[in-house]
Amino acid sequence: MSTEKLALTTNSDARKPAPAGGAHNALAADLTRLLGPRKVLSNLSERLNYRYDAIQFGATPLAVVLPESTGDVVAAVRAARAAGVPIVGRGAASGLSGGAAPTEPGLVISFTRMTRLTIHPERREAQAQAGVITLAVTEAARPHGLIYPPDPASFRTSTIGGNLAENAGGPMCFKYGVTGDYVRALSFVDADGEEHHVTRDAFDLAGLLIGSEGTLGLITEATLRLIPPAPHTRTLMAHFPEVGACAEAVSAAIAAGAVPSKLEFMDRACTNAVEDYLNLGLPRDAEAVLLVDTDGDDLDTVQGELQLVADACERAGGTVRRAATDAEGAALWRARRSVSPALGRIRPQRMNEDIVVPRSALPDVVREIRALGDASPFHLVQFGHIGDGNLHPNILFDPRKEDTHAVHDLAHDIALVAIRHGGVLSGEHGIGSMKRDFMTDAVDPATLKALWNVKRALDPHHALNPGKILPAEGVDR
Amino acid sequence: MNNDIPVQTLGGQGEVMAHAVDACVHCGFCLPACPTYALLGDEMDSPRGRIVLMKEVLEGGLPLMDAAPHLDRCLGCQACVTACPSGVPYGELITAFRGWSEPQRQRSPFDRAKRAAILKILPAPKVFSVAARLGQFAKPLAPVLPAALRSPLDLLPESVPAMQPSAKLTPARGQRRGRVAFLVGCAQQALTPNFNAATLRVLSRNGIEVVIPDGQGCCGAAALHTGARDEALKLVRANLNAFNPDDFDAILSNAAGCGAGLKEYPMVLHGEPDEARAQAFAAKVMDISEYLGALLQGGTLEPTLPASRPLKVAYHDACHLAHAQGVRAQPRDLLRAIPGVTVLEVPEGDLCCGSAGTYNLEQPELATQLGERKAKNILSTQPDLIASGNIGCHTQIQSHVRRQGDRAPVMHTIEILDLAYRGEL
């Protein structure tokens, strides 16, 4: 049985603005000839809107293609290659590292109209084109008694293609794993416009493309694994007078044997930003709030695990509140999902970190980062998937009033804290352009060279999403 | 969002616009909420995209006429405001922008005449009534007319009822418990006079004296949202003169669009001498369901008689009630308070029905697609009755529900309450 998403109304006369003011460049003209005017955007008013993600603004593309099939992608890539311009793939552009923001003018391929989705319950699989909204997979699977667990905070907006490009995580990832853990096979178009279908065996080329941020190929479709949802879930919220104590409670609970399905943390600034938006009655005075779900087939086990977490929180000096109803639990999770954009209420711009550190180092890491923030002139906030050591320290700033170099320096210092404690630069948002310069601290020269060799093998002309992930090296263009 | 909007040269409305642009972090949480993004799937026709376009035009980096087609397609439903975690006042931005940009628009003589006619006819109930009657005679011609003329005819009811002027003062029945002023509205007086009649009866029954102050007129929302700022200002000032907020417990509207318009007065007059007056006025404005909902909450709403049979009522959230005014629970609570009534939730309930003021006349194709989708979603709940709190949604939903072959009555929430009080539900 299959579920087809409603096709977008792309044949509408209302869609196209008047051609006045359009950029009549050769690439746009070529693409329009190949694909027709409905799928190609060339006016400035249209192109301006494809230069940003949820953090950064980049270069205005020369043309934008909205493909409706893999064939359209192939044609677009070949045209861009012939014109010698770079190619940036894009989903809903809710990314947080500059991954979908072009660093130079070229072609943007936006997958938002490739939304075919088929559920195969007998194989527990979903076949999703790149533009399918993340939430839509679970919505389509649920009537068959299945769900798709990876759930980035942006799951109502973000696309499967974008999730794959960033190897997105989410609150469920502690127990259930990240996007890459649910991919059985991929289709992608390479830098020369050749289409490929790969599975997870042999060289696991699929694994290489997942998290490659559109620098090795353009993912057009994926076969995703589905699982039955746990029948029982319980939620608690704990709050702490100090951030390190929260991290200690997490380590202690996991050491005691709890395997929560979700373990999320937000500091005081986050809680207050969300409270300003949703007014849920969160504890505004607490320095750290922890949100925990336990789930499973057996209610006694689920409640026993929640008790282990509650005990650990109380021993660390926390105050525990159990969600009385499913609705209360859902409201708390809505709070957590809203943290990232709600921070816009504090300062108009932010530098977003995505470090992952060993869980045993968490208490020291969150305290050290807090101290860096306190010693700086900036608003620094922390939240993240603390269960697997994935923290999102964010520096909030106003570029019109504050020194952006100092912001970058502080971000660098935070990255160095993670590296010093044996951590890495990205858990789920990618390196993008924002953390590219820190790669030389995090990755040794021999390994960087190996990464460059992979890049050269799959994208010899350096056409795919240039300026991302890898710090500059001698490049043949 | 960083911007270089020249606020100094734009005055009070410039501040309104720059503040909204500042607040946007282009996170994309608004995309799934936006009706035109749902239909068209491109960034320029999304809230985030439109904010970028307005910013670029205000900064001088993009010609207005390049951005205009995308901005014109915005329904102003403000579903994105509900969805936005960063608190971007998008509604204020698009309204202020339309007011700022309209004087600079190049429009064809036909377009200009059409807009002028709409803004003359809509706020004048008597003229509207005559126009509606004339329109009825033209209805048989609809299939051969261009879309811009066909769509308003499609929305006309099969018969236009006679005008029923309301009494200037409706006394409270029994002990007087409150005194309110009432805005009678424009088009709905001509198309659905029973909305106001029912409103007066229900308020009176609850011990509320209702005054219809002289000198009141159109709320100005239609003019404001189409960019006719000077005309809107005249209407706003006339209403500020007609309604003295100190004289009333509340100033009530039973049309979501009008109520939202009245609540916008402080934004419209931001930075002008009347701003404080507008704030005092807006602080008293309530939708009828907000006011009655408060009585229900306080335990002082007169109980209704039960419905004669179990009734399933599909409640449609008008955008200007749910998104612009944040009124969601009260109308549902009022309906549920009638014994025998079950309230049904409509799939994709947050998505606009496509009516949106003059949108049907300006963007008939998109309006029709949204109307069809809304009617389909409502009918999927198999309701006995369909309720909403806005005249625009009412005509749009009625027209598309009938077109899909269903006869379920479409009513204002207050009409259902009124019937229940009279034992006729």
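In what follows, chains carry the letters A, B, and so on, assigned in the order in which the sequence lines appear, proteins first and then strands, with residues in each chain numbered from 1.
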Other residues, nucleotides, ligands: >12 heavy atoms within 6.0 Å of [X] [atom1]:
X: B:E59; atom1: CD; answer: yes
X: B:H270; atom1: NE2; answer: yes
X: B:Q297; atom1: CD; answer: no
X: A:R156; atom1: CZ; answer: no
X: A:R284; atom1: CZ; answer: yes
X: A:D326; atom1: CG; answer: no

Is there a donor-acceptor pair closer than 3.5 Å between any side-chain N or O of A:R113 and the backbone N or O of B:L40?
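Checked: pair present.
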Main-chain N/O of B:P85 paired to A:S338 side chain as donor or acceptor, under 3.5 Å:
no
Most heavy-atom pairs under 4.5 angstrom with chain A, which of B:C24, B:A68, B:A23, B:C84?
B:C84
Of the backbone (N, CA, C, O) and the side chain (C-beta and beyond), which part of [X] lies under 4.5 Å from a heavy atom of chain B, both, or neither?
X: A:D276; answer: neither
X: A:R337; answer: backbone
X: A:I55; answer: backbone
X: A:S94; answer: both

Is there a side-chain contact between A:R400 and B:N3, using heavy atoms and a 4.5 Å cut-off?
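Yes, close enough: below the 4.5 Å cut-off.
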Do A:S45 and B:L62 have side-chain heavy atoms sitting under 4.5 Å apart?
yes
About how many Å separate [atom2] of [Y] and [atom1] of [X], when rounded to the nearest 0.5 Å?
X: A:Y277; Y: B:S86; atom1: OH; atom2: OG; value: 9.0 Å
X: B:D42; Y: A:N49; atom1: CG; atom2: CG; value: 8.5 Å
X: B:F29; Y: A:S340; atom1: CZ; atom2: OG; value: 7.0 Å

Please determine whether a side-chain nitrogen of the Lys or Arg among A:R47 and B:E43 lies less than 4.0 Å from a carboxylate oxygen of the Asp or Glu.
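Looking at A:R47 and B:E43, the cut-off is not met.
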Salt bridge between A:R347 and B:D22, side-chain N to carboxylate O under 4.0 Å?
no
Test A:E46 against B:H70 for side chain to side chain contact (heavy atoms under 4.5 Å, CB included), laying out the working first.
CA-CA 9 Å; A:E46 302 170 314; B:H70 307 294; 4.1 Å; yes
Look at the aromatic rings of B:H26 and A:Y52 and report parallel, tilted or perpendicular, splitting at 30° and 60°.
tilted
